[in-house]
Amino acid sequence: MKNLVVIVLSVVLGTSLLFIRPSYAAGLAVKEIGSFYVGGESVNIDMSEEEAKKLNLIDSTGKVYSPNGTYETGQMYVNYVLLKKTKAKYPLMMWHGGGLCGSTYETTPDGRPGWQMFFLKAGHDVYISDSVERGRSGFSMSPYIFKTQPQARSKEEMWTLFRIGSEYNGPAGKPVAFPGTQFPLEYFDQFAKQGVPRWTDTDPLIYAAYLKYLDRMTTPSVVIAHSQGCKFAMQAAIDRPDKVKGVILLEPYTPLDIKKFDITRMKETPLLVIYGDFLPNYPAWVKWARSIKDTLTDPLIKAGGDVTWVDLPSVGIKGNGHELYLEKNSDVIAQFVQDWMTEHKLMK
């Protein structure tokens, strides 16, 4: 029976994590860089002439036009970097969170190489996607194809929800950060530029594209997912156990609907769940983490699954909020993930 593992760092492991950069960081031998689109379907807009005139839409030449026609919707953009020689058994996919897109894994707000570069140097082929209606995937016309309006997060919401600090507009109008935060505070505005509009009713389109993405791959993959992306990674590991050989969830918040998904289908897939610091400062996060235990990790452990649950402060990694892969100690956490993959025989 495989058991829940709560990792406690030994003195030696802690030293290697915190102070020594990996020896494979010397350089990259890249075989191919490219991109593709996956998923999507054709949809048709067919409005009456009278309805079209009421819209008063103007094209680039200044003429009134009708939106009638056939469009592609529900597609997802993926970019990849392939190495000449890999050290990992499977490609590594990175799935982003809500209101963000794949760029979040590329470079940190303060300009350091992000997790894309870290894991390339660790020997992984890396695939980064923009989910449906985000970034280079593009969104469909609203309300003609997407029937609702998009939502976007303010800086105030990002500051508190992502557990950077207690309030964005504090004394004298200045943000109040949590003591010891690892977020590069002077670059918060740079981070906020990554925020993009999102729709709250497109989950079925997003998930369908993720499944087509996995099906398109010629080999299984390991998935790193953050926040909203964790929901789709959990479900995909159950629906495509032959395509997902390992799952790393960074601060998941959406419980798994155990009535719709058979958790036993992923019991052979090793799972790592990571949460950062300051959860009690935002009580909803305590509730969300509990829901993941109740609907995912506890049932999976009961089914004999291989689950590792890590609260970073308990292993001496402190000061991380929700965006832990962008923060000043992001390489420390990446090394933690890399060590876990090595321990779970996901490397050659």
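Hydrogens, waters and symmetry mates play no part in the numbers below; they use all other heavy atoms, side chains included. Counting begins at 1 with the first residue of the sequence.
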### Message
Quick check: do Glu251 and Leu279 have side-chain heavy atoms less than 4.5 Å from each other?
### Response
yes
### Task
Test Val315 against Phe336 for side-chain contact (heavy atoms from CB on, under 4.5 Å), laying out the working first.
CA-CA 10 Å; Val315 298; Phe336 194 101; 4.2 Å; yes
### Task
Report yes or no: do Met266 and Val222 belong to one cluster of Ile/Leu/Val/Met/Phe/Trp/Tyr joined by side chain heavy-atom distances under 4.5 Å?
yes
### Query
Under 3.5 Å, is there a donor-acceptor pair linking the side chains of Glu51 and Ser48?
yes
### Message
Does either side chain, that of Gln335 or that of Asp331, offer a donor lying less than 3.5 Å from an acceptor on the other one?
### Response
no
### Query
Which ring-ring contact (aromatic ring centres under 6.0 Å, His included) pairs, counting each pair once, include a residue from residues 220-264, with sequence neighbours left out?
Tyr210-Phe232, His226-His322, His226-Tyr325, Tyr253-Trp288
### Summary
Value for NZ (Lys147) from CD1 (Ile145), rounded to nearest 0.5 Å, stands at 8.0 Å
### Task
Could you check if a side-chain atom of Met93 sits within less than 4.5 angstrom of a side-chain atom of Ser129, using non-hydrogen atoms only?
no
### Query
Less than 4.0 Å between a side-chain N and a carboxylate O, is that true for Asp239 and Arg265?
no
#### Entry: Heavy-atom side-chain contact between Gln116 and Asn79 under 4.5 Å
yes
#### Entry: Residues which pass side chain to side chain donor-acceptor pair (under 3.5 Å) with Asp242, listed by chain and number, not counting sequence neighbours
none
### Query
Does the pair Asp298/Arg290 count as a salt bridge with the N-to-O cut at 4.0 Å?
yes
### Query
Are any non-hydrogen side-chain atoms of Ile206 and Glu133 less than 4.5 angstrom apart?
yes
### Query
Are the aromatic ring centres of Phe183 and Phe191 under 6.0 angstrom apart?
yes
### Task
Check whether any side-chain heavy atom of Asp277 lies under 4.5 Å from a side-chain heavy atom of Pro313, and answer yes or no.
yes
### Query
Below 4.5 Å, heavy atoms only, C-beta onward: do Asn281 and Ser166 meet side chain to side chain?
no
### Task
For Tyr37, enumerate each residue passing the side-chain contact (heavy atoms from CB on, under 4.5 Å) test, keeping only those at least two apart in sequence or located in another chain.
Gln75, Tyr77, Arg136
### Query
If we only count heavy atoms from C-beta on, is the Trp115 to Val337 side-chain gap below 4.5 Å?
yes
### Query
Looking at His124, Met341, Lys345, which one forms a side-chain contact (heavy atoms from CB on, under 4.5 Å) with Lys89?
Lys345
### Query
Would a 4.5 Å heavy-atom cut-off, applied to side chains only, mark Trp199 and Ser142 as touching?
yes
### Query
Would you find more than 12 non-hydrogen atoms of other residues, nucleotides or ligands less than 6.0 Å from Glu49 atom CD?
no
### Atom CD of Glu50 with >12 non-hydrogen neighbours under 6.0 angstrom
no
